[in-house]
Q: 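Okay, handing you the structure first.
Atoms considered below: every heavy atom in the structure, side chains included; atoms not considered: hydrogens, waters and symmetry mates. The model shown is predicted, which means the values in this text are computed figures rather than measured ones. Quick note on labels: first sequence line is chain A, next is B, and so on, each numbered from 1.
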Amino acid sequence: MIIPHPLLGPRDASEFVYLGDASLIDRPDPRAADALQQFHDYLYLRDNPAGEHRELWFHEHGDRSWLVVTRNTLTHEITAVELAKKVALERGRDR
Amino acid sequence: MTGLERLPGGLVDRNRCIAFTFDGHPYLGFPGDTLASALLANGVRMVGRSFKYHRPRGVFSAGSEEPNALVQLRRGAYREPNTRATVAELFDGLDATSQNYCGSLRFDLLAVNDLLASFLGAGFYYKTFMWPQALWERLYEPVIRASAGPGRLSGDTDPDVYDRGYLHCDLLVIGSGPAGLAAALVAGRSGARTILVDEDFVMGGRLHAETHEIDGQPGGAWAGSVVAELGALENVRLLSRTTVIGAYDHGIYGAVERKTDHLPDSKGKPRQILWRVHSRRAILCAGAIERPIAFGANDRPGVMLAGAVRTYANRYAVAPGKRVGVFTNNDDGWRTAVDLAAKGVEIAAVIDTREMAPPVDVTSVEVRMGGRITTTWGRKGLKAITLATGEKIAMDCLAVSGGWNPAVHLTCHQRGRPIWRDDIAAFVPGTGLPVGMAVAGSVNGSLSCGAALREGHDAASAIMQDLGIGLAKDALPAASDESVAVMPFWRVTESRGRAWVDLQNDVTVKDIQQAHHEGYRSVELLKRYTTLGMATDQGKTANVVALAILAEHGGRSIGDIGTTIFRPPYTPVSIAVFAGRSRGKAFRPTRLTPSHVWAEGRGGTFVEASGWLRARWYPVSGETHWRQSVDREVRLTRSGVGICDVSTLGKIDIQGEDSGTFLNKVYANGFAKLPVGRVRYGLMLREDGFVYDDGTTARLGKTHFVMTTTTANDGLVFRNLEFARQCLWPGLDVHLASATEQWAQFSVAGPRSRDLLAKIVDPPFDLANDAFPLMACGTVTVCGGAPGRLFRISFSGELGYEIAVPSRYGVSFMAALMTAGEDFDAVPYGVEALGVMRLEKGHVAGNELNGQSTAKMLNLERMISRKKDCIGNVLSQRPAMNRQDGLAMMGFRPLDRSVELTAGAHFLAMDAEDRMAADEGYMTSVAHSPELGYSIGLGFIMRGPERVGETVRAWDAVNGKDIPVEIVPPHFVDPQGNRLRG
């Protein structure tokens, strides 16, 4: 596969490490009353879609960016690639 | 025959002859021959035995689809089994042998299987080798293994070099027949970066096998002139002897180029190269593969595909027989009779299954329209055939054509499914082609030469326009649209005896019928039950005939049944080419510590740890056992001073205003308030609450920390920190850099370590206990000005320091430390002594941080700060991970001080049965303690802290040990820590 890196252009998938569902960005609030349940769901419950999937890739043999890649799990078509940091900031994560 | 008497014409070079051997007999051929064409020219008809029944078999095809002619090439470590003689290029001294027989090729003892055929039908293995179970290991499996797999590997290391490489192009053209050449010509003349690939050693595909005319010249000559033009273009790369084995994602294709397979000696050059071709677009021009017709005893040497017979005659100038018959259901088969007759070969008869007037006027040839062959004659080679009418016709070669199957394989590698076309009675590429792939020519079902040229030309023109590459004005080459009319005919129902469908796996019409009868009606199940379409040829000639028979019995159409899924590779690939140069030591780089050269000079023995080569111990003269060396290193360190290279520990440089806040989030314990100039032990959890890693982190400045990780987790911790920084807390001002390889770091430990460092660290730096106490750190200069970092930390439990200098000083700094330590009898120590001392001190290491341990188990639960959030904080509070009666790390010592403990032993109560149900925990690490003089261990045991003084058994069934041990606190040496504070 070729992953179009938003900063570095098309890069071979072998330069990357795969993590999984981009929902891992949405780490729950540890102060919530049901934090234990929320963390359980965050860590162990994942969708396994046949089709479009937003997922995290790490450019380990490159610039060390974490990327959110939107990939079709049936065809491997990649329709969007964003810097995970930008996605995290947009989703309200901060410090 | 001598092998040199040939028909007129052809592509062999008659100016030189080549000597080769087959099964030890010497033969002659010409450059341009394959092993198969040379054997046929020498009159060798029987070249192998079939897989299951050990039936005599001869050359069947002229390409990579060959099911029969599998041979071994070369000798010794160079031996290469299961090579198809039809694609093996002849070279001087080629040493080929036949395979799959017991005894000799002509008198094969296992041919008895043929007489037992009625017991060896479809699913024979599954039905026979069922019981008694006791016979499996002793009888069935050895027998099956001995008779399975036609060829034999040498068992030696492959001495050849293999390589891997990358190629990039605008257009990849796969196949160099008329469609491929027309496509490459358009792309090449337009200036597109073009790669043209063909598995053959001569480009041109079937143009050399046929007698087509293009633009008024013979097809082969036209191909030659096009290849010459393409070869002269800088933007075109021609790869002959190269097979595209798979179509992968995003326009990537795998291709294996055979660089020196055709040479007697590769002379150090790569034997083969695995290319990873990145293409913007591709045109598949893979052509079509002829299929046979099933009839009685259709497997004898001499029964061949009709197109292959033409190839041997036209391209290799070899007549595969003296009297050749043709059996066909289509017009194309007639070309064989026409071409061979034109070369002066006697045609016995043309038998056409169709009831109609002969489509071609072949004067003075016997024609049997509506004819059907029921059986053949000749034990080790064809002698005659019998028709359904009872007529017997003598011939020594029968050219069979059941029509042509487009080679759709690569179109299916992304789960595309081919579709059935009734008009040509064949599957053609359907939907779901790999992105960017177009098809042209025979593979698209356009079987005439003229149509192939048109489609290749048009497909490339469309792609050039699509890619925005200016199109050169080009005339379409002109050729005839010869008739390829076909009337489906799959098998002769009146056949006498067995009618073969899959020659390689000995699957007959009856086997398919039986499998269907037994319920194996899905094509995937049929394949696995009968072995149809398995092994080296993957059913390239057999599959569609089998589907037709399945269709006939199930009342379904062939298109509805569909094909099995085609997966890469297209043809067999040597494992060696996948490995490329990544073999042995080159499999992955070996990391050397900065003082490696010094350690080698000192005679150290080395061990590989997480990719690093680390000094294990340093034997001195008189020591005969590794324990002597390790015990000495520990003793001298604890009594004087020892030095160990610990550069392999991960080092991560952390800078930024929010570095302290960041560390608070990734470590379980607090770091934000760590003063500048101090070091702290840090415990890292996974988000699931289990312990992940540990290490020390030093604060060198207000906004500057240096973290250490375990050697094994260096890269992983860095990756996770980047995840935390970018994805979880992107608003923090914090930056990371790996510094593992930038610093050479040494542990200097023992009561004299301060004295030694006083001679190394430049004044006026004060090393006194008050000025630089335990857990202090600072920036220093050493040896008269070299930059360094000093940390007062101890893994050994002694007064100890770690001192770091830039990596390039590693060797000289180690030497300087040793020189400075001469007055104190300083010793270098290796990782074994390091391990012994940490165990004596009760420090955890990888054996205890095994991914299953909680902070509670390690007696570290109080380190998890509940005043702040951190990765793993919430889930580490799960009740099951904090049970009072759970496992806890303890120390263990044998009641009999003379026995050696073993790691991995399980703890059982003294009176418990030897069963896992009675398991109470396990030993993680053991070592001989020179300080105590006996074997000690660390391990996890239930309710450990309450059980100090209790005796349990350390039961190790693997090593046959059952040792009573006493449970003790895990700190064996200096539990109060007086030494390290001194």
Q: Apply the test side-chain contact (heavy atoms from CB on, under 4.5 Å) to residues A/Leu19 and B/Phe723: give CA-CA distance (whole Å), side-chain angles for both, the deciding distance (0.1 Å), then the verdict.
A: CA-CA 10 Å; A/Leu19 178 65; B/Phe723 179 75; 3.8 Å; yes
Q: Is it true that atom CZ of A/Arg46 has more than 12 heavy atoms of other residues, nucleotides or ligands lying nearer than 6.0 Å?
A: yes
Q: Run the numbers on B/Asp658 and A/Arg95 for side-chain contact (heavy atoms from CB on, under 4.5 Å), then give the verdict.
A: CA-CA 9 Å; B/Asp658 297 320; A/Arg95 8 186 334 124; 3.0 Å; yes
Q: Where do A/His40 and B/Leu875 come nearest, in terms of heavy atoms and distance?
A: N-CD2, 4.1 Å
Q: What part of B/Phe662 lies closer than 4.5 angstrom to a heavy atom of chain A: side chain, backbone, both or neither?
A: neither
Q: Using non-hydrogen atoms only, which part of A/Leu56 is less than 4.5 Å away from chain B: side chain, backbone, both, or neither?
A: side chain
Q: If you draw a 6.0 Å radius around CG in A/Asp94, do more than 12 non-hydrogen atoms from other residues or ligands fall strictly inside?
A: yes
Q: Of the listed residues (A/Ile2, A/Thr75, A/Ile25), which shares the most heavy-atom pairs with chain B below a 4.5 Å separation?
A: A/Ile2
Q: When you look at OH of A/Tyr44, are more than 12 heavy atoms from neighbouring residues, nucleotides or ligands closer to it than 6.0 Å?
A: yes
Q: Which one of A/Ala84, A/Ala88, A/Pro28 has the most heavy-atom pairs closer than 4.5 Å to chain B?
A: A/Ala88
Q: Below 4.5 Å from any heavy atom of chain A, which atoms of B/Tyr248 appear? Answer side chain, backbone, both or neither.
A: neither
Q: Does A/Trp66 offer a backbone N or O that forms a donor-acceptor pair with the side chain of B/Gln726 under 3.5 Å?
A: yes
Q: Heavy-atom pairs under 4.5 Å with chain A: which of B/His278, B/Arg415, B/Arg725, B/Gln414 has the most?
A: B/His278
Q: Just so I understand: if I count every heavy-atom pair under 4.5 Å between each of B/Val435, B/Asn873, B/Val874 and chain A, which residue has the most?
A: B/Val874
Q: Examine whether an atom of A/Phe58 lies under 4.5 Å from a heavy atom of chain B, and if so say whether it belongs to the side chain, the backbone or both; otherwise answer neither.
A: side chain
Q: If you count heavy-atom pairs within less than 4.5 Å of chain B, which of A/Leu83, A/Asp26, A/Ile78, A/Val17 leads?
A: A/Val17
Q: If every non-hydrogen atom of A/His76 is compared with every non-hydrogen atom of B/His250, which pair is closest and at what distance?
A: O-NE2, 2.6 Å
Q: Say you draw a straight line from OG of B/Ser738 to CZ of A/Arg64; how long is it, rounded to the nearest 0.5 Å?
A: 8.0 Å
Q: Where does B/Leu732 contact chain A at under 4.5 Å (heavy atoms): side chain, backbone, both or neither?
A: both
Q: Might you point out which heavy atoms bring B/Leu728 and A/Leu24 nearest each other, and give the distance in Å?
A: CD2-O, 3.7 Å
Q: Let me know if A/Leu43 has heavy atoms under 4.5 Å from chain B in its side chain, its backbone, both or neither.
A: side chain
Q: Are the side chains of A/Phe39 and B/Asp688 in touch, meaning some heavy atoms are under 4.5 Å apart?
A: no
Q: Taking side chain as everything from C-beta outward and backbone as N, CA, C, O, which of these in A/Val87 sits under 4.5 Å from a heavy atom of chain B? Side chain, backbone, both or neither.
A: neither
Q: Could you tell me which portion of A/Gln38 (side chain, backbone, both or neither) has an atom closer than 4.5 angstrom to a non-hydrogen atom of chain B?
A: neither
Q: Do NZ/NE/NH1/NH2 and the carboxylate oxygens of A/Arg31 and B/Asp869 come within less than 4.0 Å?
A: no
Q: Is there a donor-acceptor pair closer than 3.5 Å between any side-chain N or O of B/Arg878 and the backbone N or O of A/Leu36?
A: no
Q: Answer with side chain, backbone, both or neither: which region of A/Asp12 has an atom nearer than 4.5 Å to a non-hydrogen atom of chain B?
A: side chain
Q: Measure across B/Gly715 and A/Glu60 and return the closest heavy-atom pair with its distance rounded to 0.1 Å.
A: O-OE2, 4.1 Å
Q: Can you name the closest pair of heavy atoms from A/Lys85 and B/Pro730 and give their distance?
A: CE-O, 3.4 Å
Q: With a 6.0 Å cut-off (strictly less than), is the heavy-atom count around CD of B/Glu657, excluding the residue itself, greater than 12?
A: no
Q: Quick one, A/Arg27 with B/Trp729, criterion side-chain contact (heavy atoms from CB on, under 4.5 Å). Give me CA distance, side-chain angles, the key distance, then yes/no.
A: CA-CA 10 Å; A/Arg27 188 172 184 268; B/Trp729 297 290; 3.6 Å; yes
Q: Please give me the minimum heavy-atom distance between B/Gly731 and A/Leu89, naming the atom from each residue.
A: N-CD2, 4.3 Å
Q: Under 4.5 Å from any heavy atom of chain A, what part of B/Arg276 do you find: side chain, backbone, both or neither?
A: side chain
